[in-house]
> 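The following block contains the structure, expressed as structure tokens.
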Amino acid sequence: MSTPNTMPIRELFVSYDSAEKLKREAAELPSWDLTPRQICDLELLMNGGFFPLNGFLGQADYDSVVENMRLTDGTLWPMPITLDVNQTFADSVEPGQDIALRDQEGVILAILSVSDKWIADKANEAAKVFGADDDAHPAVNYLHNTAGKIYLGGPITGIQQPVHYDYRGLRNTPNELRAYFRKMGWRRIVAFQTRNPLHRAHQELTFRAAKDAQANLLIHPVVGMTKPGDIDHFTRVRCYEAVLDKYPSSTTSLSLLNLAMRMAGPREAVWHGIIRRNHGCTHMIVGRDHAGPGKNSRGEDFYGPYDAQELFRQHEEEIGLEMVDFKHMVYVQERAQYEPADEIEEGLTVLNISGTELRRRLSEGLEIPEWFSFPEVVRELRRTKPPKAQQGFTVFFTGLSGSGKSTVANALMVKLMELGGRPVTLLDGDVVRKNLSSELGFSKEHRDLNIRRIGYVASEITKNGGIAICAPIAPYQATRRAVREAIEAYGTFVEIHVATPLEECERRDRKGLYAMARAGKIKEFTGISDPYEEPKNAELVLDTTNIEVDNCAHQVLLKLESLGLIAG
Ligand code: PPS
């Protein structure tokens with residue numbers, strides 16, 4: 001099934017003339033605006049990165065991939081590549097029809113000839129593909145809370161690649177890389193997949209892996225979508241460029257991969273292997289806990305640390321690419337160099353800085369030694385992640401109507417302004433509904449939209465180094481989590497559950513709304529006729545019953561101080 005790595009691979013693009021004609025004709029077709037993840041998938045479908053797929057999976061292939069990691073013709077394929085849409089759009093399309101796939105600005109990228117339309121069995125997909133139907137897994141969370149209910153499948157006719165304005169010279173299609181390897185005479189190429197900045201240990205291990213395999217090295221980082229909370233790809237690419245200089249010249253190359261990762265551990269490793277094979281590589285480094293999603297909701301790892309290596313090993317031949325085991329490299333102080341952990345004699349001093357410790361040092365502006373990372377990399381990371389006391393952050397109050405959110409939020413705002421240093425914006429529930437969300441009601445859909453808008457504004461404020469204080473009811477856990485993820489890409493998210501009991505909120509009934517809700521005059525009233533899902537991991541829980549506002553606001557300040565967000 002695979003093409004030798006020196007030969008071009010099949011793409012799904014039509015010729016320039018046909019593309020121009022299709023663009024004109026597509027004006028008549030129903031249009032689907034692709035989500036960011038779908039754009040990543042489409043790019044790799046069209047350019048051969050997902051060879052041998054010829055489009056978004058139809059139902060039979062989907063079922064077979066979910067159940068057996070294989071297409072119906074038996075080809076190994078571990079990840080369901082599906083086009084999820086909402087019910088309204090699905091109702092407007094029938095199998096047999098063509099639809100135009102557009103990017104977020106409306107530019108047409110491809111035509112999908114719809115062969116299948118079905119309701120996704122998401123719980124089954126979560127259990128079989130990701131190992132557990134647990135929202136703590138980023139892809140399961142995406143499946144349940146972001147992806148549409150209906151899947152469309154069918155072959156793709158590629159019109160043009162998604163446009164990227166950043167790092168154009170570093171983005172290569174599989175055929176561009178194959179041609180580059182041919183030109184350079186590289187026959188054996190080890191790929192290194194990564195979603196993190198590279199430090200000295202990575203440089204040592206990748207260099208060693210390439211040497212052991214007598215191969216050249218391709219640093220092939222993912223710049224599409226990675227795990228929420230990861231360092232943004234702009235920063236990472238600047239770091240990669242700095243590290244590239246540390247390899248002997250012309251042994252190593254850097255290329256960016258616009259993949260949307262799923263963090264699916266073992267299945268993801270196999271998928272990564274197939275993708276790298278398609279890009280002309282002959283080897284791939286697979287490490288401990290490859291593409292691991294972190295802990296599940298019981299605090300346990302989703303996958304065993306070597307599950308990915310095992311699954312890869314089982315399918316190595318079909319993947320068509322050799323696995324190179326990750327050597328865990330550690331720094332040996334006496335010898336002032338990195339060495340594989342399992343080759344170090346007793347009695348020597350081994351130094352290591354964990355990811356958590358690195359984040360702590362960055363956030364507190366502490367020293368990061370040269371044996372750990374390259375000064376250029378550390379400089380980039382410090383530029384992106386200044387100490388927490390200089391970063392933006394969001395304080396997100398959530399709780400029932402009348403719980404005291406707005407009152408405490410107002411007091412907090414004033415106290416933060418008194419401290420000075422950063423601009424403070426209050427996004428109060430009522431105020432937002434007047435200015436940003438005046439057309440919205442209180443259905444689940446409208447509440448979610450309202451909270452996403454607040455989250456969007458707060459994330460922009462956070463990104464630009466300000467303080468956003470939000471005080472909506474925000475009754476749904478999944479939506480609050482989505483906001484947390486959006487904000488944590490730029491700064492800290494502090495969730496404060498104002499847990500004043502319903503009886504107390506109702507007793508206060510400042511706006512007379514509870515009385516009206518009880519009398520049935522207001523529908524869908526939170527706590528009375530509409531749900532409130534209590535936060536599970538709030539940074540602080542406040543019950544304002546019998547506690548002065550000033551004291552509540554002070555508790556929040558202490559929390560912010562303990563998180564390093566404001567100077568003590
Ligand atoms: S949500 O669920 O987060 O979108 O709600 P939010 O934007 O915070 O708006 C809540 C304020 O709207 C008033 N109000 C209602 N609240 C809950 N349910 C219903 N049906 C409703 N109708 C109007 C109420 O005054 C809320 O303000 P607070 O400050 O929370 O009391």
Side-chain angles (χ1 to χ4, degrees), residues 145-146 394-414 424-461 468-487 493-545 547-549 552-553 556:
N145 300 309
T146 305
T394 291
V395 183
F396 193 95
F397 289 92
T398 165
L400 297 171
S401 172
S403 56
K405 302 179 299 288
S406 309
T407 324
V408 180
N410 268 296
L412 176 68
M413 175 172 72
V414 173
V424 190
T425 303
L426 176 58
L427 297 162
D428 188 33
D430 276 336
V431 178
V432 168
R433 280 193 172 264
K434 260 194 212 101
N435 296 302
L436 270 184
S437 295
S438 55
E439 86 287 16
L440 299 183
F442 288 89
S443 63
K444 174 165 193 314
E445 196 190 352
H446 277 193
R447 286 181 195 261
D448 281 350
L449 189 54
N450 181 41
I451 299 309
R452 282 179 192 275
R453 285 180 188 170
I454 294 176
Y456 174 71
V457 177
S459 74
E460 288 295 308
I461 291 170
I469 305 176
C470 313
I473 296 177
Y476 297 108
Q477 169 73 17
T479 326
R480 292 192 301 259
R481 174 171 166 173
V483 171
R484 178 186 285 271
E485 283 176 3
I487 285 160
F493 181 81
V494 187
E495 188 174 28
I496 315 263
H497 178 201
V498 186
T500 313
L502 177 65
E503 307 75 63
E504 173 65 13
C505 299
E506 195 167 357
R507 193 193 58 73
R508 294 176 186 170
D509 203 9
R510 290 225 175 82
K511 303 177 187 165
L513 296 175
Y514 281 97
M516 286 175 43
R518 288 283 183 205
K521 290 186 189 141
I522 306 181
K523 302 264 171 309
E524 301 173 315
F525 196 83
T526 310
I528 306 294
S529 45
D530 221 44
Y532 179 79
E533 297 170 5
E534 301 224 330
K536 293 187 195 114
N537 309 310
E539 274 72 13
L540 184 68
V541 180
L542 282 179
D543 176 348
T544 64
T545 321
I547 303 184
E548 298 234 336
V549 175
C552 292
V556 180

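Counting starts at 1 for both ligands and their atoms, following the listed order.
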> Would you say the side-chain atoms of Lys405 pair up with the backbone N or O of Phe397, donor to acceptor, closer than 3.5 Å?
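No, because the side chain of Lys405 does not come within donor-acceptor range (under 3.5 Å) of the backbone of Phe397.
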
> Start with the C-alpha distance between Glu503 and Arg507, add both sets of side-chain angles, then the distance that settles salt bridge (charged side-chain N to carboxylate O under 4.0 Å, His left out), and finish with yes or no.
CA-CA 6 Å; Glu503 307 75 63; Arg507 193 193 58 73; over 6 Å; no

> Does Ala474 reach ligand 1 with a nitrogen or oxygen that is under 3.5 Å from one of the ligand's nitrogen or oxygen atoms?
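It does: an N or O of Ala474 is found under 3.5 Å from an N or O of ligand 1.
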
> Using a 4.0 Å heavy-atom cut-off, which part of Pro475 comes near ligand 1: side chain, backbone, both, or neither?
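The part of Pro475 near ligand 1 is the side chain, not the backbone.
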
> Around atom 18 (N) of ligand 1, find the nearest protein heavy atom and jot down its residue, atom name and distance.
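That would be Arg447 NH2, 3.1 Å.
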
> What atoms of ligand 1 come within less than 4.0 Å of a heavy atom belonging to Gly402?
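Going through ligand 1 atom by atom, the ones under 4.0 Å from Gly402 are 31 (O).
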
> Taking the six-membered ring of Tyr532, is NZ or CZ of Arg480 closer than 6.0 Å to its centre and within 45° of its axis?
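Arg480 over Tyr532 ring: yes.
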
> Determine whether the side chain, the backbone, both or neither of Asp430 has a heavy atom under 4.0 Å from any heavy atom of ligand 1.
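The answer is the side chain of Asp430.
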
> Do Glu495 side-chain atoms and Glu539 backbone N/O form a donor-acceptor pair below 3.5 Å?
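No; judged by distance alone, with no hydrogens or angles, the pair does not exist.
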
> For the backbone of His446 and the side chain of Asn450, can you confirm whether one donor and one acceptor N or O come within less than 3.5 Å of each other?
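Here the side-chain-to-backbone pair does not exist.
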
> Measuring from Thr407:OG1 to Leu412:CG, what's the distance to the nearest 0.5 Å?
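Those atoms lie 12.5 Å apart.
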
> Could you list the atoms of ligand 1 found under 4.0 angstrom from a heavy atom of Lys511?
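So the answer, numbered in order with elements, is 25 (O), 27 (O), 28 (P), 29 (O), 31 (O).
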
> Considering heavy atoms of the protein only, find what lies nearest to atom 20 (N) of ligand 1 and give residue, atom and distance to 0.1 Å.
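The answer is Glu524 O, 2.7 Å.
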
> Any donor-acceptor pair under 3.5 Å linking the side chain of Asp428 with the backbone of Val432?
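Not at all, since once roles are kept as given, no pair shorter than 3.5 Å links the two residues.
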
> Could you establish whether Lys523 and ligand 1 come within less than 4.0 Å of each other, counting only heavy atoms on the residue side?
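It does, in that a heavy atom of Lys523 comes within the 4.0 Å cut-off of ligand 1.
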
> Report yes or no: does Lys405 have a heavy atom closer than 4.0 Å to ligand 1?
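Checking ligand 1 against Lys405, which is what was asked, there is a heavy-atom contact under 4.0 Å.
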
> Could you tell me the separation between the CD1 atom of Ile473 and the CZ atom of Arg447, rounded to the nearest 0.5 Å?
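Separation between the atoms: 5.5 Å.
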
> State the atoms of ligand 1, each with its element, that fall below the 4.0 Å cut-off from a heavy-atom position in Pro472.
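Per the distance check, 3 (O), 8 (O).
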
> Heavy-atom distances under 4.0 Å decide this one: backbone, side chain, both or neither, for Phe442 against ligand 1?
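Contact part for Phe442 vs ligand 1: side chain (C-beta onward).
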
> For ligand 1, indicate whether the residue Arg510 contacts it via side chain, backbone, both or neither (heavy-atom separation under 4.0 Å).
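Contact part for Arg510 vs ligand 1: neither.
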
> For the atom pair CZ (Phe442) and CZ (Arg433), what is the distance rounded to the nearest 0.5 Å?
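Here the rounded value is 3.5 Å.
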
> Under 4.0 Å from any heavy atom of Arg433, which atoms of ligand 1 are there?
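The list of qualifying atoms is 1 (S), 4 (O), 5 (O), 6 (P), 7 (O), 9 (O).
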
> Report the part of Leu513 in contact with ligand 1, treating N, CA, C, O as backbone and CB onward as side chain, heavy atoms under 4.0 Å; options are side chain, backbone, both, neither.
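Side chain only; the backbone of Leu513 stays clear of ligand 1.
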
> For Ile451, counting its heavy atoms only, list the atoms of ligand 1 lying under 4.0 Å from any of them.
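Counting atoms of ligand 1 from 1, those under 4.0 Å from Ile451 are 3 (O).
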
> Give a yes/no verdict on whether any heavy atom in Asp530 is under 4.0 Å from an atom of ligand 1.
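No heavy atom of Asp530 comes that close to ligand 1.
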
> Does the Asp448 side chain pair with the main chain of Thr479, one donor and one acceptor, at a distance under 3.5 Å?
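Absent.
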
> Of the backbone atoms (N, CA, C, O) and the side-chain heavy atoms from C-beta on, which set of Val432 has a member under 4.0 Å from an atom of ligand 1: side chain, backbone, both, or neither?
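No part of Val432 is near ligand 1 at this cut-off.
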
> Show which atoms of ligand 1 fall inside a sub-4.0 Å distance from at least one heavy-atom site of Thr526.
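So the atoms of ligand 1 that pass are 17 (C), 18 (N).
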
> Would a distance-only check, ignoring hydrogens and angles, find a side-chain to backbone donor-acceptor pair under 3.5 Å from Thr544 to Val549?
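Side chain of Thr544 to backbone of Val549: no pair is present.
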
> If we only count N/O pairs under 3.5 Å, is Ile473 in contact with ligand 1?
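Among all N and O atoms of Ile473, at least one is under 3.5 Å from an N or O of ligand 1.
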
> Contact between Val498 and Val408 at the side-chain level, heavy atoms closer than 4.5 Å - yes or no?
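They are not in contact (no side-chain heavy atoms under 4.5 Å apart), so the answer is no.
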
> Can you tell me the protein heavy atom closest to atom 31 (O) of ligand 1 and the distance?
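For this ligand atom, the closest protein heavy atom is Ser401 OG, 2.6 Å.
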
